[in-house]
Amino acid sequence: QVQLQESGPGLVKPSQTLSLTCTVSGGSITTNYYYWSWIRQPPGKGLEWMGAIAYSGSTYYSPSLKSRTSISRDTSKNQFTLQLSSVTPEDTAVYYCARSESHSTGWANYDEYDYWGQGTQVTVSS
């Protein structure tokens, strides 16, 4: 059974960088052909795919967030990390990490994600 767990600060000040880590257990993040994504849900809004890192280490980003987003991984710890720079209150959301086996139908087809973390609330406020 694969499990994902998000961790990181729950409160970030405007203009700072948000950093979250997803720790994966029950499976390796380097296993063919899985993709490991960050997805968020602002209050009262739908899910928004932010970016992903593949089993190979390749990264993919939402065009709307690409300039502020970086996803990396530590294979020795079986973790992958999200960094979102220059945050504003509009970045307040529940942040999820999730796994998918493909992205052939688009990253925002959330039916394709088979395992999710429980989500972590991040609030951007001074």
Side-chain angles (χ1 to χ4, degrees):
Q1 179 80 2
V2 175
Q3 293 184 316
L4 293 84
Q5 177 72 55
E6 304 92 349
S7 60
L11 180 64
V12 183
K13 288 181 167 38
S15 80
Q16 292 187 340
T17 296
L18 179 162
S19 184
L20 296 174
T21 296
C22 183
T23 300
V24 179
S25 58
S28 172
I29 62 173
T30 62
T31 299
N32 296 348
Y33 297 96
Y34 291 111
Y35 299 82
W36 306 87
S37 287
W38 286 99
I39 298 163
R40 68 181 181 179
Q41 186 168 29
K45 296 184 179 181
L47 295 170
E48 178 185 21
W49 178 79
M50 301 179 69
I53 188 163
Y55 57 95
S56 61
S58 297
T59 52
Y60 308 81
Y61 298 107
S62 167
S64 64
L65 295 171
K66 184 174 183 178
S67 64
R68 299 196 291 131
T69 307
S70 178
I71 298 175
S72 59
R73 67 180 185 176
D74 184 336
T75 56
S76 68
K77 295 181 179 178
N78 215 35
Q79 296 175 333
F80 61 105
T81 298
L82 169 73
Q83 290 194 310
L84 181 66
S85 64
S86 304
V87 297
T88 72
E90 286 65 43
D91 294 309
T92 294
V94 177
Y95 286 75
Y96 299 93
C97 53
R99 188 188 83 166
S100 63
E101 199 168 354
S102 76
H103 59 93
S104 59
T105 61
W107 295 106
N109 182 358
Y110 299 112
D111 290 341
E112 290 201 344
Y113 294 85
D114 55 358
Y115 290 101
W116 294 71
Q118 84 283 2
T120 187
Q121 172 70 46
V122 177
T123 300
V124 179
S125 175
S126 56

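Values below: every heavy atom of this structure, side chains too, minus hydrogens, waters and symmetry copies.
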No-hydrogen, no-angle side-chain donor-acceptor test under 3.5 Å, Glu112 and Thr105: yes
Any non-hydrogen side-chain atom of [X] less than 4.5 Å from a side-chain atom of [Y]?
X: Val122; Y: Asp91; result: no
X: Met50; Y: Ile71; result: no
X: Tyr96; Y: Cys22; result: no
X: Arg99; Y: Asp114; result: yes

message: Show every side-chain hydrogen bond (donor to acceptor under 3.5 Å, both in side chains) that has at least one partner inside residues 3-19, sequence neighbours left out.
response: Gln5-Gln118
Tell me if a side-chain donor or acceptor on [X] pairs with a main-chain N or O of [Y] at a distance below 3.5 Å.
X: Tyr115; Y: Gln1; result: no
X: Thr92; Y: Val124; result: yes
X: Arg68; Y: Leu84; result: no
X: Thr69; Y: Leu65; result: yes
X: Tyr113; Y: Trp107; result: yes
X: Asn78; Y: Val24; result: yes

- request: Could you tell me which residues satisfy ring pair (Phe, Tyr, Trp, His ring centres under 6.0 Å) with Tyr95, sequence neighbours excluded, listed by chain and number?
  value: none
Can you list, pair by pair, the side-chain donor-acceptor contacts under 3.5 Å of residues 32-39, counting residues two or more places apart and other chains?
unit_1	atom_1	unit_2	atom_2	d
Trp36	NE1	Ile29	O	3.2
Ser37	OG	Trp49	NE1	3.0

field: Residues Tyr110, Ser100; criterion side chain to side chain contact (heavy atoms under 4.5 Å, CB included); working and verdict
entry: CA-CA 9 Å; Tyr110 299 112; Ser100 63; over 6 Å; no
- request: Of all the heavy-atom pairs spanning Ser126 and Pro14, show the shortest one and how long it is.
  value: N-CD, 3.6 Å
- request: Write down the atom of Arg40, the atom of Ala93, and the distance for their closest heavy-atom approach.
  value: CB-CB, 4.0 Å
Mind checking the [atom1]-[atom2] spacing from [X] to [Y]? Nearest 0.5 Å is all I need.
X: Ser86; Y: Leu18; atom1: OG; atom2: CG; value: 11.5 Å
X: Gln79; Y: Leu20; atom1: CD; atom2: CG; value: 12.0 Å
X: Leu4; Y: Phe80; atom1: CG; atom2: CZ; value: 6.0 Å

